[in-house]
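Below is one structure; the comments refer to it alone.
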Amino acid sequence: MVFGAADWPEQIALRLAKRLRRQPRLRLCLPTGDTPSPVYERLVGLSRDGLAPFGQATIVLLDEYVGLPPTDPARCDARLARELIDRLDPPPAAYHPIAVDELSPAAAAHAHDAVAAEGLDLAVLGLGLNGHVGFNEPGSGADSPTRVVDLAPESRAAATARYGARAAPRRGVTLGLARLLAADELWLLVSGAGKSAVLKRVLEEVESADCPARFLRRHPKLHVLADEDAAMPAGLA
Ligand code: PGA
């Protein structure tokens, strides 16, 4: 589904708000990144207007860096809290960040997988320039478990460039593709001309671990929600 670029964040937020009204106890996996940020901004407004009822919803974080201190603004949990969770009114019934401070990375992955295994009604995902989904970097198969991963250079660069973290983390914890594919429904958010080439690769080329997002096409309820800047140069709109 393709939306006008200016309208895209609003349309995605409205769609999510509508979903929450229909299913208030939604168990929802959410990503962080430049793609979902403007959607979250709109969602906060809808929540305050009583149109996005998160009060009974459960939010499960998609991925997290390993090795950033709890106060580091580059962390995924900090970003999601700053942009969405802490601004929702009412707040969600439950928010599950990834316990990278309390547990060893492998144990944090295990614990987070157990939370997601209780069921995800909807996983909202971004698309990395290298075809990653969460931190399922190139080389990840469709059966990838929730685990500790070595970050690809592009993912490391993003952590440094965006937030000035003291040292770019080398590892992360991510929900695995297998767990994401087990969600009832997937929304892949893609915006901006910079994502056009990777979107085309995801949609048109044969499945392979070189571009893990392609495995999402296996899901019967995958919705690719792109803006025209991402979709049109790829010939998709
Ligand atoms: P972005 O990141 O939304 O900041 O472009 C997406 C991703 O790398 O998964």
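Whatever order the structure lists them in is the order used to number ligands and atoms, beginning at 1.
- From the protein, the heavy atom lying nearest to atom 2 (O) of ligand 1 is Arg162 NH2, 4.0 Å.
- Atoms of ligand 1 found under 4.0 Å from any heavy atom of His132 (numbered from 1 in listed order, with element): 7 (C), 8 (O), 9 (O).
- Here is the list of ligand 1 atoms found below 4.0 Å of a heavy atom in Gly33: 3 (O), 4 (O).
- Within 6.0 Å of CZ in Arg87 there are more than 12 heavy atoms belonging to other residues, nucleotides or ligands.
- Set against the non-hydrogen atoms of Leu127, the atoms of ligand 1 under 4.0 Å away are 6 (C), 7 (C), 9 (O).
- Salt bridge annotation for Glu10-Arg42: present, with a cationic side-chain nitrogen under 4.0 angstrom from a carboxylate oxygen.
- Checked for salt-bridge contact, Arg217 and Glu207 miss the test: no charged N lies under 4.0 Å from a carboxylate O.
- Of all atoms in ligand 1, numbered sequentially from 1 with element shown, those under 4.0 Å from a heavy atom of Asp34 are 1 (P), 3 (O), 4 (O).
- Lys195 counts as a contact of ligand 1, since one of its heavy atoms falls under 4.0 Å from the ligand.
- Between Arg79 and Asp34 there is a salt bridge, since at least one side-chain N of the basic residue sits less than 4.0 Å from a carboxylate O of the acidic one.
- Counting heavy atoms from C-beta on, the side chains of Gln11 and Met1 never come closer than 4.5 Å.
- Close approach of ligand 1 to Thr35 is summarised as follows: ligand atoms under 4.0 Å from at least one heavy atom of the residue are 1 (P), 3 (O), 5 (O).
- Under the 4.0 Å criterion applied to side-chain N and carboxylate O atoms, Arg75 and Asp101 are assigned as salt-bridge partners.
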